[in-house]
Amino acid sequence: MQKFTTVTGIAVPLRRSNVDTDQIIPAVHLKRVTRTGFEDALFAAWRQDPDFVINKKEYQGGRVLIAGADFGIGSSREHAVWALRDYGFDVVLSPRFGDIFRGNSGKQGLLAGQISEADAETLWNLVEAAPGIELTVDLVGKTVRVGDLTVNFEIDDYTRWRLLEGLDDIGLTLRDEARISEFEATRESWLPQTLPARSPESTH
Amino acid sequence: MTNVIPTSQVSSSTGLRTLAEKVWDKHLVTKGEDGTPDLIYIDLHLLHEVTSPQAFDGLRLANRKLRRPDLTIATEDHNTPTLAIDKPIADLTSRTQIETLRRNCAEYGVRLHSLGDIEQGIVHVVGPQLGLTQPGITVVCGDSHTSTHGAFGAMALGIGTSEVEHVMATQTLPLNPFKTMAITVNGTLRTGVTAKDIILAVIAKIGTGGGAGYVLEYRGEAIRALSMEGRMTICNMSIEAGARAGMVAPDQTTYDYLEGRAHAPRGADWDAAVAYWQTLATDDGASFDAEVIIDANELEPFVTWGTNPGQGVSLSGSVPNPADIVDANERSAAERALEYMDLTAGTPMKEIRVDTVFLGSCTNSRIEDLRAAAEIIKGKTKAEGLRMMVVPGSARVRIEAEAEGLDQIFLDFGAEWRFAGCSMCLGMNPDQLEPGERCASTSNRNFEGRQGKGGRTHLVSPLVAAATAIRGTLSGPWDLVQDGDQ
């Protein structure tokens, strides 16, 4: 994962709440077995409407998405994050995120920053008044800057640190492998095992 | 959320623990310090074809091993056809995804139940059915409805593909502790009101984000009275309230369900396991971070009118008027939902005509669900022009239903009797709604386009699905009684 410090890019105002991951990427687009190639699937149903914000020419090349509350609820599909990344987004700002989506974002270098409802409204108004305007998102200072305006966003310290350092979770965990082995030695013998496969004792 | 009552956070100082905290503590590999997460051991990892290929690829690229194939199991469900399952899958990309799972499982030594196998089915039906889902364990799967397994008192989490890869490589997950919320359901459900109605009412009350950051524990008399199937229906939809997990403390109902299942402990192991399971219930006096109270006596069959699972109302109610909604965001969401659903404010829910009834999904496709619906439609006639599709949750459920003659009841009624899989819940396979088609569905999500592009979904219980299939308009079992009286 690349280190993330600041991003300056075009902001896209998505004035909708409860944007679930089925909207971010509908299920029929989940059939690829790769992590890339999902850019055309992003908001596939909504993008058929020529007036949908992403289709407007002034927002082409957008890198910062400003969405309403409860962005990324629903299905756990990480494809939602891949589609946003493949399209070119580096940052999503929202007053609240679906927990699984927020976790997935942190693993894929997509910054999910939480802003207040009032700041979302301010940013929407500002961006809609000057379509194509660029924002600067600074992960070090946890701020969004545009012109004279500075807005703070929240992100948990651990995800922030991993993004800033560009660290891989699995590598971090495997430093504790001895502890995992120690833990495994203490597990009860009756805990379920999938192998070898067993058949039922009685009919159920 | 205004409907959630914050309670004081004193449990850590008293030493009294909730069910969720006990399971967490038991699985702590390392305690996080200085803002780092805890490292939690994972007892059971469930895989399916859609969210695993990129994780296997990641392992391969990093030259890592799958740490515990003996704690891992895979099934084919999201993409599989529910007709002609002996033929090659027609959709090439679907076929590639299934074949990729088969290749990966063979390469990494993972047990796989493929299409045509007796244990194949929806991953959240298969785990409990095999007795792999047990109280007090941690379960993960790259699927948000993993919360289903919490019905056994397990900590069951839906995860993303990066986390799937992490569990494959380490059998652990770095996690920050969750907050706890008690959902206390007092009283007794009336006849015709089910677990599905409880959870739809809970989500309508706390909202799609009300459970964010929480593990929900369902408690109270009405929950204790539910079967395991009913508890699974409730825990399944915890994610629709935004929660990380939902749990029910294990009791005799749980033990009776598990005993004798293929992977349940046996002999002395069974006794040791039950003794441990009996220690899991939340301590008397332990406190939750929040509590919601529901009165089961007052509940009616519940249906959704909008495009998220929180947009629901009693079946006897009407489509709400967005103008009455105070919150500006919720109001605009409601306006957009009514437009998408092609509904007019004030329309009684029971006057809404549906084209299709879908009985299936990890929420409501277990044998008890099929029995309940069959009981209602037996000897009745299907509404003219309406399509009804019945998709059992697993091959075993299908076989069990056929042994009881339920398939014939559905077929005589004019319903389609399909093979097991996720099917029209998410429409990844050919089972999809046409644009504009309206469906009463026992599944879990009424999102725009969820069941097919332009499709319109009303979430309902199996009883409401069955009554609706008879009457052609959204209906409950109580309406059939009234029809009979006339």
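Given the structure is predicted, the values throughout are model-derived calculations rather than measurements. Chain letters run A, B, ... following the sequence lines, proteins first, then strands; residues in each count from 1.
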Walk me through whether Glu165(B) and Arg35(A) qualify under salt bridge (Lys or Arg N to Asp or Glu O under 4.0 Å).
CA-CA 13 Å; Glu165(B) 184 183 336; Arg35(A) 275 184 205 247; 2.7 Å; yes

Between Arg450(B) and chain A, with a heavy-atom cut-off of 4.5 Å, which part of the residue counts as in contact: side chain, backbone, both or neither?
both

Cut-off 4.5 Å, heavy atoms of chain A, and the answer for Thr100(B) is side chain

Taking every heavy atom of His263(B) against every heavy atom of Pro196(A), the minimum-distance pair comes out as CE1-O, 3.5 Å

Looking at chain B, which one of Asp169(A), Ile73(A), Val28(A) has the largest number of heavy-atom pairs inside 4.5 Å, strictly under?
Asp169(A)

Are Leu132(B) and Thr194(A) close enough, and set up right, to give a side-chain contact (heavy atoms from CB on, under 4.5 Å), and what steps lead you there?
CA-CA 7 Å; Leu132(B) 285 166; Thr194(A) 57; 4.1 Å; yes

Indicate whether any N or O donor in one side chain lies under 3.5 Å from an N or O acceptor in the other, for Gln134(B) and Trp190(A).
no

How far apart are the closest heavy atoms of Thr173(A) and Pro174(B), and which atoms are they?
OG1-CG, 4.4 Å

Salt-bridged, Asp57(B) to Arg32(A), with N to O below 4.0 Å?
no

Go through it in stages, so that I can follow the logic: the residues are Lys453(B) and Asp22(A), the test is salt bridge (Lys or Arg N to Asp or Glu O under 4.0 Å), and I'd like the CA-CA distance, side-chain angles, deciding distance and then a yes or no.
CA-CA 11 Å; Lys453(B) 207 173 125 211; Asp22(A) 274 80; over 6 Å; no

Non-hydrogen atoms of chain A under 4.5 Å away: do they reach the side chain of Leu44(B), the backbone, both or neither?
side chain

Whatever's closer than 4.5 Å to a heavy atom in chain A on Tyr276(B) counts as side chain

The interface call for Ala62(B) against chain A, heavy-atom contacts under 4.5 Å, is neither

Do Thr51(B) and His79(A) make a side-chain contact, defined as non-hydrogen atoms from C-beta onward lying under 4.5 Å apart?
yes

Give a yes or no on whether the backbone of Met428(B) and the side-chain of Lys31(A) come within a donor-acceptor separation of less than 3.5 Å.
yes

Hydrogens and angles aside, do Glu78(A) and Ser162(B) bring a side-chain donor and acceptor to less than 3.5 Å of each other?
yes

Residue from Gln108(A), Arg187(A), Glu182(A) scoring the most non-hydrogen pairs under 4.5 Å with chain B is Arg187(A)

Is Leu28(B) in contact with chain A via its backbone, its side chain, both, or neither, using a 4.5 Å heavy-atom distance?
backbone

Going by side-chain hydrogen bond (donor to acceptor under 3.5 Å, both in side chains), Asn329(B) matches just one of Glu121(A), Arg16(A), Glu117(A). Which one?
Glu117(A)

Under 4.5 Å from any heavy atom of chain A - which part of Asp91(B)
side chain

Please round to the nearest 0.5 Å and tell me the distance separating atom OG1 of Thr161(B) and atom CH2 of Trp82(A).
4.0 Å

For Ser94(B), which atoms come within 4.5 Å of any heavy atom of chain A: side chain, backbone, both, or neither?
both

Can you tell me which of Leu174(A), Thr186(A), Asp157(A), Thr159(A) forms the most heavy-atom pairs within a distance under 4.5 Å of chain B?
Leu174(A)

I would like to know whether Arg67(B) and Glu177(A) meet salt bridge (Lys or Arg N to Asp or Glu O under 4.0 Å); could you show each step before the answer?
CA-CA 11 Å; Arg67(B) 187 177 179 90; Glu177(A) 195 174 359; 3.0 Å; yes

Counting heavy-atom pairs under 4.5 Å with chain B, the top scorer among Arg179(A), Glu188(A), Arg15(A) is Arg179(A)

Of the backbone (N, CA, C, O) and the side chain (C-beta and beyond), which part of Ile239(B) lies under 4.5 Å from a heavy atom of chain A, both, or neither?
side chain

Could you walk me through whether Asp176(A) and Val29(B) pass the side-chain contact (heavy atoms from CB on, under 4.5 Å) test, one step at a time?
CA-CA 9 Å; Asp176(A) 279 333; Val29(B) 176; 5.9 Å; no

Tell me whether Gln193(A) contacts the main-chain N or O of Leu71(B) through its side chain, where contact means a donor paired with an acceptor under 3.5 Å.
no

What part of Pro309(B) gets within 4.5 angstrom of chain A, counting heavy atoms only: side chain, backbone, both, or neither?
neither

Search all heavy atoms of Tyr158(A) against all heavy atoms of Gly35(B) and return the closest pair with its distance.
CB-O, 3.4 Å

Taking the inter-plane angle between the rings of His27(B) and Phe183(A) on a 0 to 90° scale, is it parallel (under 30°), tilted (30 to 60°) or perpendicular (over 60°)?
tilted

Sub-4.5 Å side-chain heavy-atom contact between Arg445(B) and Ser75(A):
yes

Interface moiety of Leu173(B) toward chain A, non-hydrogen atoms closer than 4.5 Å:
neither

Do Asn18(A) and Thr208(B) pass the side chain to side chain donor-acceptor pair (under 3.5 Å) test, and can you show the C-alpha distance, the side-chain angles, and the key distance before you say yes or no?
CA-CA 8 Å; Asn18(A) 279 292; Thr208(B) 53; 2.6 Å; yes

